[in-house]
Amino acid sequence: MAVEELMACGLGMCLTCVVPVSGPRGSGLVNARACVEGPVFNAGRIQWERWLGRAAVSEPSEDDAADARVVAQ
Amino acid sequence: VRSTLAVDLAGVRLPTPVMIASGCFTSVKELSGLLDLRKVGGIVTRSITAEPDLGAPTPRMAESSSGLLTAIGLQNEGVESLVAELPALTRIGVPLFASVGGTTIEEFSRIAARLVALRAVTALELNLSCPDEHREGRPFASSPTRAAEVVAAVAGISRVAVFAKLPMDGADVVEVARQCVAAGAHGLTLINAVQGIAIDATSSHPKLTPGPGGLSGPAIKPIALLAVYRVAEVLPDTPIIGVGGISTTDDAVEFLLAGASAVQVGTAMFTNPSVPVDIAVGMGRHLVDYGVSSPGGLRALAHQQPVEA
């Protein structure tokens, strides 16, 4: 998927547009620059909570899950 | 008059007085695609810490009138990563200043010792705006004593020139400069970004995740120029590298007139990566136009009393 982040230079110099992604071979965490390493990233590599914060990317709660089940019934 | 652009700072010879400031590149390979690095006066690395650091979460920047507010933290790959990149950096053939960061005096010393032993760096620039672990994270430079302690520790083990980079806010820059020089700094880099904050009127939150950030760009030029002017008045024999909002030849000339021996360009690189080369070319023209043989001939002229007509 393509990401957007504030960019001062767009040339890889300033490090303002970094997106936290899992490292090579899925280990650890690296800051990838949206301007030169992105803007298209494998969504599975993006560390969503770290990037956008817990509030923006909450896991479905048990209530949500229960609601889903109710709907499913 | 035959002019040269070369300048000498505490025994460090720069081919031109216009350097690339700290924080402007991650890899040499990328940077060399953006400008002819052989034509810059010198290159300062990103501030290096002992271990890799991820820096601050985004958003890391906000625009400001004539300026850029950023909070990158100390994102860098750690000293061993710089060591691995040193051959590529030295191959460029221009003076290389390693910007040293740290949260303890021991960390500054350890990095300096590692880098100096390799005999690849021309000079060290100490980022004294780093948070001091022993003083609740306040910058080393907010205490003249603590700043001088870092300088003394590094200068005591360094075989290359040591420049102390100071901010204008926090403590009286003249006093911090004086104590750093007394502690063994061979030169000074003035100034680091000016602390500021941007707040989003819609969300009511600070625009940058860490809250405060550092203001850079043309907005801070008069502040940086004053720092150079005041310190040069008190320490006329200490080489000063002026930095803060420089984006044109005239800007650079003004810093020399205020008392700097060389300048660095940072934020202007983000809109025109070849600006350090452009400024040096313009400087050459300026020297010819004014019949001055070298940039040193402009140094501190603004301090002289105007001649009565």
Side-chain angles (χ1 to χ4, degrees), chain A residues 1-68 70-71, chain B residues 20-35 43 45-47 52-64 67-77 81 193 198 200 203 205 207-210 213-214 216-217 265-276:
Chain A
M1 67 171 295
V3 303
E4 273 202 16
E5 185 53 84
L6 293 172
M7 259 173 219
C9 74
L11 298 166
M13 300 191 286
C14 72
L15 298 189
T16 58
C17 68
V18 297
V19 177
V21 300
S22 52
R25 298 172 299 280
S27 63
L29 174 71
V30 295
N31 277 334
R33 293 163 295 175
C35 65
V36 292
E37 277 115 17
V40 177
F41 293 101
N42 180 331
R45 277 186 69 204
I46 297 173
Q47 307 272 311
W48 292 95
E49 275 198 10
R50 190 183 163 87
W51 186 34
L52 299 176
R54 201 166 291 272
V57 196
S58 58
E59 291 291 320
S61 67
E62 284 185 16
D63 284 351
D64 291 340
D67 290 344
V70 171
V71 173
Chain B
I20 296 176
S22 181
C24 290
F25 70 99
T26 301
S27 91
V28 197
K29 199 173 158 226
E30 284 172 5
L31 189 66
S32 59
L34 298 169
L35 77 161
I43 300 173
T45 69
R46 187 175 294 292
S47 285
D53 192 321
L54 280 170
T58 56
R60 288 178 165 185
M61 64 151 284
E63 287 186 63
S64 184
L68 173 68
L69 193 72
T70 56
I72 307 299
L74 277 173
Q75 184 181 334
N76 78 101
E77 303 284 325
S81 168
D200 189 327
S203 72
H205 295 303
K207 287 185 178 174
L208 310 186
T209 303
S216 62
V265 188
T267 303
M269 292 273 300
F270 300 158
T271 43
N272 173 14
S274 65
V275 73

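- For the set B:T271, B:T58, B:T26, the entry with the most heavy-atom pairs within less than 4.5 Å of chain A is B:T58.
- For B:E30, the part lying under 4.5 angstrom from a heavy atom of chain A is the side chain only.
- Looking at B:T70, only its side chain comes within 4.5 Å of chain A, counting heavy atoms on both sides.
- Contact annotation: the side chain of B:M269 never approaches that of A:L11 to less than 4.5 Å [non-hydrogen atoms, C-beta and beyond].
- At a 4.5 Å heavy-atom cutoff, A:V19 makes no contact with chain B through either its backbone or its side chain.
- Contact annotation for B:L34: only side-chain heavy atoms (C-beta onward) come within less than 4.5 Å of a heavy atom of chain A.
- With hydrogens and angles disregarded, a donor-acceptor distance shorter than 3.5 Å links the side chain of B:R60 to the backbone of A:L15.
- Scanning all heavy atoms of the two residues, the minimum distance from B:F270 to A:C9 falls at CB-CB, 3.5 Å.
- Considering all non-hydrogen atoms of both residues, A:M13 and B:R46 come closest at O-NH2, 2.9 Å.
- For the pair A:R50 and B:L54, the minimum side-chain heavy-atom distance is below 4.5 Å.
- Across B:I72 and A:T16, no two heavy atoms sit closer than the pair CD1-CG2, 3.8 Å.
- A 6.0 Å sphere centred on CD of B:E77 holds no more than 12 heavy atoms belonging to other residues, nucleotides or ligands.
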